[in-house]
Amino acid sequence: MDIKTGFFNLLILGAALLAATILAFGFSQYAFFEDTSYSERLDKISNEGMQLVQLTNEVLLYGEPRALDQWQQQYRDVGLLIEDNSLSSRAELVEILGPLRIRYANLLPLHEKLTQSRDRNADSQLVDIIASQLYQDSSQLQASLRSLKAAADDSLKSAYETVKHRQVIIFSLFTGLVSVYGVFVSLLFRRTILAPLYDLRQTIHSLRDGKAAKAPVHEDDEIGAVCVTFNHLLDEQETVRNQVQLISERFRNIFEQAAVGMSIVSPNGDWLEVNQCLCDILGYERSDFLATNYQAFTLPENLQTDILRVKTILSGELAFDSWETRYRRKDGRPIWARITTTLARDGADSPLYFVTVTEDITERKEADARLLEINRQLEEQATELKRTNADLESFAWVASHDLREPLRMVSSYVGLIKKRLGPELDEDMAQYISYAIEGSKRMDALILGLLDYARIGRRGGTFESVSLADVAQESLLNLSVAIQEEGACVTLLDGLPKVIGDRSELVRLFQNLIGNAIKFHRPDRAPEVSVAFEDKGSEWVLRFSDNGIGIDPDYYEKVFRIFQRLVRKDQYAGTGIGLSICRKIVEHHGGRIWVLSEPGEGSTFFVAFPK
Ligand code: ADP
C-alpha cells in the first residue's frame with residue numbers, strides 16, 4: 001500500500017474516532033437532558049401539587065370565591081400533569097403515583113362537598129368534618145408530593161451523576177483511543193517515512209564517503225519507488241562511470257602507446273601532457289616538457305610560421321591544421337616533424353587545449369631528398385640511354401645497310417670466279433666456292449634481319465585502330481605457300497578484336513608467330529595452328545598455339561633474344577631474329593609477349609595488347 005493511501009485510511013480512522021466520540025458525547029447529553037426533563041416534570045408536578053395543597057388550605061381557611069376558582073384551575077392543571085402516561089411506566093414511581101392519584105381524586109368530591117355545605121350554610125359540625133377530611137387528604141397528598149419531590153431530586157441527582165460518569169468514560173475512552181491512534185500514527189510515520197528516509201540519508205553519506213552503497217527498499221510505496229529509482233540511477237551512474245573509466249583508459253593507452261608523438265598543449269603553448277613517443281622524438285624527459293612551453297624546442301626560423309598557424313586555429317578560421325616544422329632535439333640535432341593539431345573548445349566556444357600529433361619525418365625528408373637526387377640521376381641516365389639507343393639503331397641501320405654492298409660484291413665475284421673457272425674446278429674447289437656463296441647468302445639474310453629489327457619503330461608510322469582479323473587474314477595470305485607446302489591447318493577464332501597500332505608491324509608479328517608455328521612442326525605430323533584471344537579486362541590476350549616440337553622451359557626467355565636459336569640450321573632454316581622482332585613490335589605497342597610449351601607436344605605464344 002502506498003503512503004498516501006495509508007495516511008488517508010488513518011485520516012478516515014481518526015475522523016471515525018472523532019465522530020464516534022462526538023456521537024457518544026451527544027448521546028450522553030441527550031440522555032442527560034432526558035433525565036433532567038423527567039426530574040423537572042416530577043418537580044413541576046410536585047410544585048403544582050404543593051400549590052394545590054396550599055390553595056386547599058386557603059380554601060379550608062377562608063373559602064373565598066377567588067380561591068375557589070383558582071383551586072379548580074389548579075386542580076385541573078395538576079390533574080393534567082399527573083395523568084401523564086409516560087410516568088406510569090417508571091417503576092420507581094409506581095408506589096408514589098398510585099396513592100398520589102387516589103388522594104388527588106379524593107380532593108375534588110370533598111372540595112365540592114365542602115363548598116356546597118358552606119354555600120348552604122350547613123351544620124358547622126358537618127362542615128368541619130368535611131373540612132378535616134379534606135385537610136387530611138390534602139396533607140396525605142402533600143406527603144405524596146414530597147415523596148415525588150424527593151424522587152425528582154433523586155432523579156436529578158442521578159442524572160448528574162450518570163452524565164458525569166458517562167463523560168468520564170467517554171473522555172477516558174477518547175483519550176485512550178487518541179493515544180493509541182497517536183502511537184499508531186507515529187509508529188506508522190516512523191516505519192513508512194522516517195526509517196526509509198534515514199536509510200536513504202545513510203546511503204547518501206556512505207556514497208559521499210566513497211563507499212559503495214544501495215538504498216534499502218522497505219516497502220512498495222512512494223519512498224520505495226524513490227529508493228528504487230535512486231538505486232537505478234546509482235546503477236546507471238556506475239555504468240557511466242565504468243564506461244568513462246574504460247574510455248579514459250583506452251584514451252590513455254592510445255595516447256601513451258601511439259606510434260606518433262602526442263601532446264596536449266594549452267592555448268598559450270604550455271605543454272600539459274606528452275606521450276613517451278614525443279619524449280623519444282625530441283630526446284627530453286616528460287618533466288622537461290611540462291616545465292616549458294611549445295616554442296622552446298622549435299627552431300627559430302620555423303617559429304614564426306608555427307605561431308601564425310596556431311593563431312589561425314585560435315581565431316576559429318580553421319578547425320585543425322597540419323604543417324611541417326623543425327625542432328631541435330636535446331642532443332642538438334635538428335629534426336623535421338609534421339604537426340597536426342586540433343583545438344578543443346568548451347560549450348561557450350572558448351579554447352581549452354590543443355591536441356597535437358607530432359610525426360618525426362626526418363628520415364622521410366632525407367629519403368625524399370635522396371629520391372630527388374636519384375630521380376635526377378635516372379633522368380640523366382634515361383636521356384643518355386635514349387641517345388645511345390638511337391645511336392645504336394642508326395649504327396645498326398647504317399652498318400647493315402652498308403654491309404650488304406661489299407657482301408654483294410664478294411658473292412657476285414665468287415660467282416664470276418666459279419663461272420670463269422667452270423670445268424677447271426676440281427671437286428673440293430667447287431665445294432669451297434659453294435660454301436662461300438652459301439655463307440654470303442646467309443650473311444645477307446642476317447643483315448636483312450638486322451635491318452628489319454632496326455627498322456621497327458623507326459619508320460614513324462602512325463597508330464590507328466587495326467582489326468586483328470584483317471591482320472591475321474593478310475599474314476595467312478603471305479604464308480599461303482608455306483601453308484600449302486607443309487599441309488598446315490590454321491584456324492582463327494572469330495571476332496578477333498581491334499587494337500590501336502601499326503598495321504604493317506602487326507602483320508609482321510602475326511606472320512612471324514604463325515610462320516614459326518608452321519615451320520617448327522614435328523616431322524611425323526602436319527602442323528596444326530590456332531589463333532585465339534581472351535578479354536582480360538584491361539587488355540586483350542592473343543594465343544598462338546601449335547602442335548610442333550615445343551620449347552624447353554629453360555629457354556622461354558632466351559628465344560626472344562636476337563640471333564638465339566634452339567635448332568640446327570640444317571634442320572630448320574632461319575636467322576634467330578623473328579621472335580626478337582616480335583618482342584620489339586609488341587613492346588612498341590605497349591604490350592607483353594611470352595611463351596608456354598610442352599616440349600615435343602607444342603607451344604603457345606601469348607601476346608597481350610592494352611585496350
Ligand atoms: P628463327 O625462326 O629464324 O630460328 P626465331 O627468332 O623466329 O628465329 O626463333 C628463335 C628460335 O625459337 C627458333 O630457332 C626455334 O628454336 C624457337 N622457336 C620459335 N618458334 C617456335 C615454335 N613455334 N616451336 C618451337 N620452337 C620455336
Side-chain angles (χ1 to χ4, degrees), residues 396 400 404 438-457 471-472 475-476 478-493 504-533 541-589 591-608:
S400 49
R404 283 192 80 196
E438 192 67 18
S440 54
K441 271 186 189 163
R442 186 164 165 72
M443 190 156 182
D444 191 47
L446 282 173
I447 290 169
L448 275 175
L450 209 58
L451 261 172
D452 277 349
Y453 183 81
R455 241 184 237 136
I456 305 293
V471 166
S475 57
L476 287 187
N478 297 344
L479 289 166
S480 53
V481 178
I483 292 172
Q484 243 175 1
E485 275 177 2
E486 303 294 348
C489 168
V490 183
T491 50
L492 298 177
L493 189 68
S504 60
E505 285 184 5
L506 291 173
V507 172
R508 187 73 188 274
L509 171 76
F510 271 60
Q511 203 172 309
N512 277 3
L513 290 174
I514 298 172
N516 276 355
I518 296 169
K519 179 166 69 173
F520 296 108
H521 72 273
R522 275 174 36 167
D524 54 335
R525 62 187 178 201
E528 282 174 18
V529 185
S530 73
V531 181
F533 67 95
V541 177
L542 307 180
R543 284 195 311 269
F544 298 83
S545 310
D546 62 53
N547 61 344
I549 57 172
I551 298 169
D552 192 301
D554 289 344
Y555 304 114
Y556 282 171
E557 195 33 51
K558 191 179 171 189
V559 289
F560 292 103
R561 288 189 214 141
I562 196 160
F563 300 133
Q564 297 298 328
R565 305 197 77 220
L566 307 180
V567 288
R568 289 205 330 260
K569 63 175 186 297
D570 55 331
Q571 279 179 314
Y572 297 97
T575 54
I577 293 176
L579 284 181
S580 53
I581 287 178
C582 287
R583 182 158 75 175
K584 207 170 171 199
I585 292 172
V586 171
E587 284 174 357
H588 186 214
H589 285 76
R592 297 171 292 130
I593 184 167
W594 69 101
V595 65
L596 291 177
S597 168
E598 204 174 318
E601 291 304 324
S603 317
T604 301
F605 283 81
F606 297 86
V607 177

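Whatever order the structure lists them in is the order used to number ligands and atoms, beginning at 1.
- Proximity of a side-chain donor or acceptor of Asn547 to a complementary backbone N or O of Pro527 within less than 3.5 Å is not detected.
- Rounded to the nearest 0.5 angstrom, Leu509 CG and Ile581 CD1 are separated by 11.0 Å.
- Less than 6.0 angstrom separates the ring centroid of Phe510 from the ring centroid of Phe544.
- Near ligand 1, heavy-atom contacts under 4.0 Å come from Asn516, Ala517, Lys519, Phe520, Asp546, Ile549, Gly550, Ile551, Val559, Gln564, Arg565, Leu566, Val567, Gly574, Thr575, Gly576, Ile577, Gly578, Leu579, Ser603, Phe605.
- For the atom pair Ile593 CD1 and Ile585 CD1, the distance stands at 9.0 Å (nearest 0.5 Å).
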Donor-acceptor pairs are to be reported for all side-chain atoms of residues 548-556 against protein atoms at under 3.5 Å, with residues two or more places apart or in another chain.
unit_1	atom_1	unit_2	atom_2	d
Asp552	OD1	Asp554	N	2.9
Tyr556	OH	Ser597	N	2.8
Tyr556	OH	Ser597	O	2.8

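- A distance-only check finds a donor-acceptor pair linking the side chain of His521 to the backbone of Ile518 [under 3.5 Å].
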